[in-house]
Amino acid sequence: PYLLPDHTIYVLANDLVGPYFDALDDLFTRTHPNIKIHLNPLGSEPALAALTSNISAFTPMGRDGIRQDLEGFRALHGYEPQSFLIGYDQSPDPDIFPPGKVPSAIWINARNPLPKITTALAARIFTTGAPGGDITTWSQLGDKGEWAHREIHIYLPAKRDSAFLFIDHNRLGNRPWSPRVEWVDASTDVMAAVAQDPFGIGIVGYWPPDPGWDRQAELGSQAKLLAMAEDEDAHYSYATPGDPYPLTGSIRVYFNAAPGKPLEPWMAEYMRLALSREGQDLLKSLAADNGYIPLEPAQVQTELAKLH
């Protein structure tokens with residue numbers, strides 16, 4: 001059903017990862033001249049919908065599939081789609097997106113002395129029911145002085161903008177959001193609240209959201225991105241180019257195949273190319289213009305193991 005009248009294979013993709021998959025398709029066609037792929041980079045939501053309805057052969061994404069997307073697929077097919085991680089999409093070149101956008105990240109007031117946070121601690125702040133119990137005061141994170149016994153003020157965007165499209169609940173344990181969250185309108189409002197509240201914390205999507213936004217420079221000096229790591233022993237990221245932040249968007253490919261079932265042979269070969277040194281080098285070569293980050297060698301092996 002994903003074959004077009006001219007016998008090309010239709011693939012609907014996320015627009016942010018289109019440049020990479022255009023180049024990868026050309027690379028694939030060199031060794032598979034009988035397979036032609038027609039890439040249509042419309043966006044993530046229509047891409048997953050096209051996979052669900054079998055219109056698209058597979059779905060390249062610049063983020064993880066969010067719960068409502070995957071539930072719709074499962075309701076129709078009885079299983080979740082197989083997915084393969086091939087890299088990350090973060091920090092486009094500052095010359096293209098001045099003064100340089102960062103991915104979905106945790107921000108606090110610039111006066112707050114807290115230097116860093118782990119994913120587990122963030123989950124205990126932003127969600128409820130995480131192991132170790134909910135964190136409600138700054139002293140639980142080691143802050144002293146005027147922060148010592150003050151409650152943490154949590155701000156999140158009510159609109160499902162990029163902050164939620166990239167992380168949903170999955171990155172923080174798939175638990176309910178904290179009842180203490182103050183839901184403001186959008187990521188710009190989260191940033192405004194954190195910048196004006198010394199005891200505030202929030203998750204902000206791509207920042208700045210628009211180079212022409214009139215409060216960008218003002219608020220940028222009043223809030224700071226909080227360095228984050230998966231655990232205490234891991235590297236703490238400041239979301240600089242080439243340094244994946246734990247909440248950054250993944251470059252992931254979804255297939256309509258039940259768990260444990262092999263992909264169609266040509267699809268498996270396509271994924272092996274994406275995960276090969278050549279495919280990962282191609283991803284890295286586009287980093288300056290697009291912010292792509294390739295996988296670590298151990299991650300590549302984990303993804304390749306899914307193809308056996």
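The figures that follow rest on heavy atoms only: side chains count, while hydrogens, waters and symmetry mates do not.
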**Q.** Main-chain N/O of Asn112 paired to Lys224 side chain as donor or acceptor, under 3.5 Å
**A.** yes
**Q.** Shortest non-hydrogen contact between Leu51 and Pro81, atoms and distance
**A.** CD2-CB, 4.1 Å
(Q) For Asp189, is there any backbone N or O sitting under 3.5 Å from a side-chain donor or acceptor partner on Tyr155? (A) no
**Q.** Reported CG-to-CG distance for the pair Leu27 and Asp22, which is rounded to 0.5 angstrom
**A.** 12.5 Å
Q | His77 (side chain) donor-acceptor with Phe73 (main chain) under 3.5 angstrom | A | no
Could you give the side-chain donor-acceptor pairs of residues 144-151 under 3.5 Å, partners two or more places apart or in another chain?
{"unit_1": "Glu146", "atom_1": "OE1", "unit_2": "Arg111", "atom_2": "NH2", "d": "3.3"}
{"unit_1": "Glu146", "atom_1": "OE2", "unit_2": "Arg111", "atom_2": "NH2", "d": "2.6"}
{"unit_1": "Trp147", "atom_1": "NE1", "unit_2": "Pro198", "atom_2": "O", "d": "2.8"}

**Q.** Lys116 atom NZ, over 12 foreign heavy atoms within 6.0 Å
**A.** no
Q: Taking the side chain as every heavy atom from C-beta outward, state whether Thr118 and Tyr236 have any pair of such atoms under 4.5 Å apart.
A: yes
Q | Rounded distance (nearest 0.5 Å) linking atom CZ of Phe126 with atom CG of Asp134 | A | 12.5 Å
Q: Measure across Ala105 and Leu225 and return the closest heavy-atom pair with its distance rounded to 0.1 Å.
A: CB-CD1, 3.6 Å
Q: Might you work through the side-chain contact (heavy atoms from CB on, under 4.5 Å) test for His235 and Asp243, ending with a clear yes or no?
A: CA-CA 10 Å; His235 166 73; Asp243 183 15; 3.0 Å; yes
Q.
Quick check on the hydrophobic clustering: are Leu114 and Met191 connected, directly or via other members, by side-chain heavy-atom contacts under 4.5 Å?
A. yes
**Q.** Ser276 OG to Met271 CE distance, which is reported to the nearest 0.5 Å
**A.** 10.0 Å
Q) Cluster question for you: counting only ILVMFWY and a side-chain heavy-atom cut-off of under 4.5 Å, with indirect links fine, are Leu76 and Leu48 together? A) no
Q) Within a strict 4.5 Å, meaning less than it, do heavy atoms of the Tyr270 and Ile37 side chains meet? A) yes
**Q.** Glu182 side chain vs Leu156 backbone, donor-acceptor pair below 3.5 Å
**A.** no
Q) Could you state the interatomic distance from OG1 (Thr127) to CG (Asn174), rounded to the nearest 0.5 Å? A) 9.5 Å
Q. Would you call Arg272-Glu269 a salt bridge at under 4.0 Å N-O?
A. no
Q. Can you name the nearest heavy-atom pair linking Glu80 to Pro259, along with the distance?
A. O-CD, 3.9 Å
Q: Look up atom CD1 in Ile152 and atom CD1 in Ile135, then write down how far apart they are to the nearest 0.5 Å.
A: 6.5 Å
Q) Just wondering, do Trp177 and Ile154 contact through their side chains at under 4.5 Å, heavy atoms? A) no
Q. Hey, are Asn256 and Tyr79 close enough side-chain-wise for a donor-acceptor pair under 3.5 Å?
A. yes
Q. Of all heavy-atom pairs between Pro33 and Lys36, which one has the smallest distance, and what is that distance?
A. O-CE, 3.4 Å
Q) If Ile, Leu, Val, Met, Phe, Trp and Tyr residues are connected whenever their side-chain heavy atoms lie under 4.5 Å apart, and connections chain through other members, are Ile125 and Trp183 in the same group? A) yes
Q: Kindly give the heavy-atom pair with the smallest separation between Tyr238 and Pro115, and that separation in Å.
A: OH-O, 4.4 Å
Q.
Do Leu263 and Met61 land in one hydrophobic cluster if side-chain heavy atoms of ILVMFWY residues count as linked below 4.5 Å?
A. no
Q.
Quick check: do Trp107 and Ile201 have side-chain heavy atoms less than 4.5 Å from each other?
A. no
Q. Are the side chain of Asp185 and the backbone N or O of Pro157 linked by a donor-acceptor pair below 3.5 Å?
A. no
Q.
For a side-chain contact (heavy atoms from CB on, under 4.5 Å) check, start with the C-alpha distance between Tyr254 and Ser83, then their side-chain angles and the critical distance, and finish with the verdict.
A. CA-CA 4 Å; Tyr254 286 87; Ser83 71; 3.5 Å; yes
Q. Does any N or O in the side chain of Thr59 come within less than 3.5 Å of the main-chain N or O of Ala47, such that one atom is a donor and the other an acceptor?
A. yes
Q.
Same cluster or not: Leu85 versus Leu70, using hydrophobic residues (I, L, V, M, F, W, Y) connected whenever any side-chain heavy atoms lie under 4.5 Å apart?
A. no
Q: Start with the C-alpha distance between Ile86 and Glu303, add both sets of side-chain angles, then the distance that settles side-chain contact (heavy atoms from CB on, under 4.5 Å), and finish with yes or no.
A: CA-CA 8 Å; Ile86 63 170; Glu303 299 304 310; over 6 Å; no
Q) Which pair of non-hydrogen atoms, one from Ile108 and one from Leu226, has the smallest distance, and what is that distance? A) CD1-CD1, 3.7 Å
Q. Should Leu283 and Leu295 count as side-chain neighbours, where that means a heavy-atom distance under 4.5 Å?
A. no
Please tabulate, for the side chains in residues 6-14, all donor-acceptor contacts under 3.5 angstrom to protein atoms that are two or more places apart in sequence or on a different chain.
{"unit_1": "Asp6", "atom_1": "OD1", "unit_2": "Thr8", "atom_2": "N", "d": "3.1"}
{"unit_1": "Asp6", "atom_1": "OD1", "unit_2": "Thr8", "atom_2": "OG1", "d": "2.6"}
{"unit_1": "Tyr10", "atom_1": "OH", "unit_2": "Asn40", "atom_2": "ND2", "d": "2.8"}
{"unit_1": "Asn14", "atom_1": "OD1", "unit_2": "Leu16", "atom_2": "N", "d": "2.7"}
{"unit_1": "Asn14", "atom_1": "OD1", "unit_2": "Val17", "atom_2": "N", "d": "3.3"}
{"unit_1": "Asn14", "atom_1": "ND2", "unit_2": "Ser44", "atom_2": "OG", "d": "2.6"}

Q) Do Thr31 and Leu273 have side-chain heavy atoms sitting under 4.5 Å apart? A) no
Q: Test Tyr88 against Ile251 for side-chain contact (heavy atoms from CB on, under 4.5 Å), laying out the working first.
A: CA-CA 5 Å; Tyr88 300 95; Ile251 301 177; 5.5 Å; no
Q: Measure the OH-OG distance between Tyr2 and Ser53 for me, rounded to the nearest 0.5 Å.
A: 13.5 Å
Q) Judged by modelled atom types alone, do Thr119 and Glu230 share a side-chain donor-acceptor pair under 3.5 Å? A) yes
Q) Looking at side-chain heavy atoms only, is the closest gap between Tyr292 and Pro19 below 4.5 Å? A) yes
Q. Checking Asn109 side chain against Ala195 main chain: does a donor-acceptor pair fall under 3.5 Å?
A. yes
Q. Relative to the ring of Phe255, is the ring of Phe58 parallel (under 30°), tilted (30 to 60°) or perpendicular (over 60°)?
A. tilted
Q. Can you name the residues that form a side-chain contact (heavy atoms from CB on, under 4.5 Å) with Gln301, not counting sequence neighbours?
A. Leu304
